[in-house]
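For reference, the structure discussed in these notes is given below.
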2 protein chains.
Amino acid sequence: MKEEAVIAALGALAQDTRLRILCYLVTMGSAGAAAGDISKEVGASASRTSFHLSTLSDAGLINATRASRSIIYRVNFEAMGSIIRYLVHDCCKNDPRVTSCC
Amino acid sequence: MKEEAVIAALGALAQDTRLRILCYLVTMGSAGAAAGDISKEVGASASRTSFHLSTLSDAGLINATRASRSIIYRVNFEAMGSIIRYLVHDCCKNDPRVTSCC
DNA sequence: TATATATTTCAATAAGCATTGAAATGGGAG
DNA sequence: CTCCCATTTCAATGCTTATTGAAATATATA
């Protein structure tokens with residue numbers, strides 16, 4: 001994974017509303033959640049939620065698919081794995097104090 | 001690890017100069033590196049490097065110790081482990097696509 | 001077509017972060 | 001004590017991100 005992509009992903013996660021959105025979408029698994037439901041869940045306005053969802057989406061951490069009037073968002077677990085792999089392998093050179101996390 | 005601390009750490013890592021500083025300090029291990037050497041290594045001015053070092057230090061990702069006129073910085077591997085553990089365990093609920101990183 | 005629902009986009013404002021160079025601090029050597 | 005070296009702090013500027021509410025887009029239903 002390129003450093004640039006890692007920085008975009010870390011920046012996307014480094015915000016409380018977005019981190020909560022991501023954690024919520026993890027719990028929803030493959031079912032995902034509609035933008036409106038996410039908005040209610042994290043207590044943010046529709047436009048603010050939409051903005052944060054596009055930030056997460058631009059960073060590749062979530063995917064969007066339209067289902068009728070709703071847009072369903074799901075976590076991209078492979079992308080999450082990639083950035084963690086970058087931090088553990090490339091950045092921390094597999095130091096045991098870091099790899100002990102898994 | 002508290003969500004607030006995780007956000008500070010992710011935000012600290014989400015910047016190219018700081019990510020390069022951290023990767024460099026990983027390679028220096030327990031020997032660490034002086035602020036001036038880090039500055040040369042990443043090609044940033046002294047004041048800019050100092051600013052980034054204090055951001056990383058405030059986030060708990062590195063430690064500083066004075067050695068005569070120089071200040072030596074070292075990676076806090078335990079802290080790196082903690083934020084990765086948060087992402088893998090708490091956020092991603094140990095999803096296999098994520099835990100496969102280690 | 002008209003209407004309602006779901007979501008995004010836009011413009012404006014506010015807040016925070018990055019960068020620069022100059023000045024200040026802290027420590028060692030003559 | 002004075003000078004020098006290493007680093008940090010400060011003030012000013014520009015850039016990016018966050019937030020808000022209103023308007024626009026897309027889809028479904030009557």
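Just the heavy atoms: all of them, side chains too, but no hydrogens, waters or symmetry mates, feed the values below. Each chain gets a letter, A, B and so on, in the order its sequence line appears, and its residues count up from 1. Since we're looking at a predicted model, the values are computed, not measured.
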For the side chain of A/Ser50, starting at C-beta, report the closest nucleotide among D/dT7, C/dT9, C/dG27. C/dT9

B/Glu41 CD to D/dT7 C1', in whole Å, measures 18 Å

Could you report the tightest heavy-atom contact between A/Ser82 and A/Met1, atom names first, then the distance? CB-SD, 3.6 Å

What integer distance in Å separates A/Arg69:CZ from C/dT7:P? 10 Å

Check the hydrophobic clustering (I, L, V, M, F, W, Y; side-chain heavy atoms under 4.5 Å; chains of links allowed) and say if A/Ile38 and A/Ile72 are grouped together. no

Please name the pair of heavy atoms, one in A/Cys23 and one in B/Cys91, separated by the smallest distance, quoted to 0.1 Å. SG-SG, 3.2 Å

Quickly work out the A/Ile72 CD1 to D/dT27 P distance and round it to whole Å. 14 Å

Rounded to the Å, how far apart are A/Leu53 CG and C/dT8 C1'? 11 Å

Mind calculating the distance between CD1 (A/Ile7) and P (D/dT16) to the nearest angstrom? 14 Å

Could you tell me the separation between the CG atom of B/Asp37 and the P atom of D/dA6, rounded to a whole number of Å? 10 Å

Check whether any side-chain N or O of A/Ser39 sits under 4.0 Å from OP1 or OP2 of C/dT7, and answer yes or no. no

I need the B/Ile83 CD1 to A/Leu13 CG distance, nearest 0.5 Å. 9.5 Å

Hydrophobic clustering (ILVMFWY, side-chain heavy atoms < 4.5 Å, transitive) - are B/Phe51 and B/Leu53 grouped together? no

OP1 or OP2 of D/dT8 sitting under 4.0 Å from any side-chain N/O of B/Tyr73? yes

So which protein N/O to nucleotides 16-21 of chain C N/O distances come out below 3.5 Å?
unit_1, atom_1, unit_2, atom_2, d
C/dA18, OP1, B/Arg18, NH1, 3.3
C/dA18, OP1, B/Arg18, NH2, 3.0
C/dA18, OP2, B/Arg18, NH1, 3.2
C/dT19, OP2, B/Arg48, NE, 3.3
C/dT19, OP2, B/His52, NE2, 2.9
C/dT20, OP2, B/Arg48, NH1, 3.4
C/dG21, O6, B/Ser47, OG, 3.3

Does D/dA28 have OP1 or OP2 under 4.0 Å away from a side-chain N or O of A/Ser68? yes

